[in-house]
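Below is one structure; the comments refer to it alone.
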Amino acid sequence: MVNANLMSGNLDNSFSALMVSGGGESGQAQNGGLGTILSGWKDLPMELLLRIISVAGDDRMVVVASGVCTGWRDALGWGVTSLSFSWCQDHMNDLVISLAHKFPKLQVLSLRQIKPQLEDSAVEAVANYCHDLRELDLSRSFRLTDRSLYALAHGCLHLTRLNISGSSNFSDAALVYLTSQCRNLKCLNLCGCVRAASDRALQAIARNCDQLQSLNLDESVVALANGCPHLRSLGLYYCQNITDRAMYSLAANSRVRGKGMSWDAGRSSRSKDDKDGLASLNISQCTALTPPAVQAVCDSFPALHTCPERHSLIISGCLSLTSVHCACALHPHRAGRAILSNHAY
């Protein structure tokens with residue numbers, strides 16, 4: 001919360017010696033034998049004020065203290081580097097707008113919401129005054145639009161961590177522009193950003209953010225499963241945050257699920273289904289996945305194969321998934337017959 005470099009490191013004596021009697025202009029605090037007199041709370045030394053706020057560990061106290069007097073406001077404005085407004089259940093937008101100019105040295109800011117409150121005007125205020133911002137959490141900001149991303153791209157060029165998960169209104173064009181300006185990004189959370197997490201945006205991220213260490217797209221896979229029934233090929237190579245939920249979503253939304261596919265049912269029905277649904281899936285190095293989830297995907301899409309002849313479900317680097325098999329891997333003689341049939345004409 002408070003920049004430790006501003007602390008003198010020798011404030012324990014001040015805590016023990018400071019005695020406050022009364023408040024306001026008439027109140028005085030006298031430091032035992034040192035004879036130092038303070039005229040009320042507003043005359044606390046900056047170092048001591050920051051120490052008190054730091055020990056309290058409550059960001060609501062920072063907000064209240066910033067309004068006591070100009071001295072406190074200035075002290076907190078230069079000393080506070082981390083703030084969270086996640087405790088704010090109502091009127092977060094107005095609060096952020098009214099306070100952004102008081103904290104120009106903020107480096108970490110959390111605006112995570114339980115219910116939608118934040119609007120573009122608040123993010124624009126942050127971008128206008130908090131130019132040293134490094135980490136920003138805007139998760140679950142359902143009301144934000146591209147205006148917010150453009151504002152951050154202009155005012156917060158030093159961002160290294162950005163969480164915009166659940167912000168489904170952002171476009172890929174705005175995200176592309178943001179990454180072209182904020183090139184120091186190391187962690188980017190795009191869960192639920194269905195419109196923003198496009199191929200175009202991901203290519204821009206790869207091109208612009210060479211320091212990127214973490215990219216979270218779990219929810220995007222779920223969205224693809226729900227919204228792209230004609231998807232034929234999906235590459236998730238080395239997406240180690242992909243979880244079983246993504247796999248089960250793919251399986252549940254298979255356009256061929258529930259058809260009771262069987263080799264004994266005849267090759268004609270399988271041949272028809274092979275032309276529909278996911279035909280290629282690369283989950284190499286997706287080490288968080290478990291065999292039951294991947295097997296569910298394999299069972300739901302007849303065109304996915306683990307057999308050497310038609311290897312379209314790629315699971316290299318996932319030792320835990322070696323038990324996953326397609327139907328033809330369980331019936332190799334029928335698989336061979338199917339391959340000959342496919343090449344007959």
Side-chain angles (χ1 to χ4, degrees), residues 109-113 116 118-120 122-124 126-127 133-243 245-247 249-250 253 278 280-286 288:
L109 177 62
S110 176
L111 299 175
R112 182 179 179 86
Q113 305 142 79
L118 209 63
E119 298 177 1
D120 293 320
V123 178
E124 288 171 338
V126 170
L133 203 61
R134 302 296 198 274
E135 302 180 16
L136 178 61
D137 187 347
L138 294 174
S139 53
R140 300 179 60 81
S141 297
F142 303 122
R143 295 181 179 179
L144 296 185
T145 70
D146 287 351
R147 279 174 51 192
S148 292
L149 293 189
Y150 286 121
L152 293 173
H154 290 134
C156 301
L157 303 180
H158 303 296
L159 281 174
T160 60
R161 301 175 67 92
L162 178 62
N163 185 348
I164 55 174
S165 60
S167 305
S168 56
N169 292 328
F170 294 143
S171 71
D172 60 346
L175 183 58
V176 168
Y177 185 76
L178 175 77
T179 61
S180 72
Q181 304 300 309
C182 302
R183 293 175 173 264
N184 296 319
L185 282 171
K186 295 181 179 179
C187 297
L188 183 59
N189 191 334
L190 301 177
C191 284
C193 299
V194 182
R195 295 178 57 218
S198 66
D199 283 347
R200 175 191 175 194
L202 295 179
Q203 289 169 0
I205 291 171
R207 181 173 61 252
N208 297 326
C209 305
D210 56 2
Q211 299 184 51
L212 196 67
Q213 299 173 1
S214 173
L215 178 62
N216 195 337
L217 300 169
D218 290 2
E219 296 292 336
S220 296
V221 177
V222 175
L224 285 172
N226 293 332
C228 302
H230 301 291
L231 190 67
R232 292 288 287 165
S233 178
L234 180 59
L236 301 174
Y237 172 72
Y238 219 92
C239 293
Q240 296 184 332
N241 286 328
I242 295 295
T243 66
R245 182 176 172 228
M247 296 296 102
S249 294
L250 287 171
N253 288 278
L278 204 59
S280 175
L281 177 61
N282 186 345
I283 51 174
S284 299
Q285 303 295 336
C286 296

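No experiment lies behind these values; they were computed from the predicted model shown.
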Salt bridge (Lys or Arg N to Asp or Glu O under 4.0 Å) against Arg143, all qualifying residues, sequence neighbours excluded: Glu119

Distance-minimising heavy-atom pair for [X] and [Y]:
{"X": "Ser165", "Y": "Asn163", "answer": "OG-OD1, 2.8 Å"}
{"X": "Ala153", "Y": "Cys182", "answer": "CA-SG, 4.2 Å"}
{"X": "Ala201", "Y": "Ala196", "answer": "CB-O, 3.0 Å"}
{"X": "Ser167", "Y": "Ser141", "answer": "OG-O, 3.6 Å"}
{"X": "Arg195", "Y": "Ser168", "answer": "CD-O, 3.8 Å"}

How long is the straight-line distance from [atom2] of [Y] back to [atom1] of [X], given to the nearest 0.5 Å?
{"X": "Asn189", "Y": "Leu138", "atom1": "CG", "atom2": "CG", "answer": "11.0 Å"}
{"X": "Ser280", "Y": "Leu234", "atom1": "OG", "atom2": "CG", "answer": "8.5 Å"}
{"X": "Leu118", "Y": "Leu111", "atom1": "CG", "atom2": "CG", "answer": "5.5 Å"}
{"X": "Leu159", "Y": "Asn184", "atom1": "CG", "atom2": "CG", "answer": "9.0 Å"}
{"X": "Ile205", "Y": "Ser180", "atom1": "CD1", "atom2": "OG", "answer": "11.5 Å"}
{"X": "Ser214", "Y": "Leu185", "atom1": "OG", "atom2": "CG", "answer": "11.0 Å"}

Validation row: [X], [Y] side chains within 4.5 angstrom (heavy atoms):
{"X": "Leu144", "Y": "Ile164", "result": "no"}
{"X": "Leu212", "Y": "Lys186", "result": "no"}
{"X": "Met247", "Y": "Leu236", "result": "yes"}
{"X": "Leu152", "Y": "Leu136", "result": "yes"}
{"X": "Arg200", "Y": "Val176", "result": "yes"}

Quick check: are there more than 12 heavy atoms from other residues, nucleotides or ligands sitting under 6.0 Å from CZ of Arg147? yes

[Y] and [X] side chains, donor-acceptor separation under 3.5 Å:
{"X": "Asp120", "Y": "Ser148", "value": "yes"}
{"X": "Asp146", "Y": "Ser171", "value": "yes"}
{"X": "Thr160", "Y": "Glu135", "value": "no"}

Would you confirm whether [X], through its side chain, and [Y], through its main-chain N or O, come within 3.5 Å as a donor-acceptor pair?
{"X": "Arg140", "Y": "Gln113", "result": "yes"}
{"X": "Gln181", "Y": "Thr179", "result": "no"}
{"X": "Asn169", "Y": "Phe142", "result": "yes"}

Classify the angle between the aromatic ring planes of His154 and Tyr177 as parallel (below 30°), tilted (30 to 60°) or perpendicular (above 60°).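 His154 vs Tyr177 ring planes: perpendicular.
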
So among Leu178, Asp137, Leu190, which one has a side chain to side chain contact (heavy atoms under 4.5 Å, CB included) with Leu162? Leu178

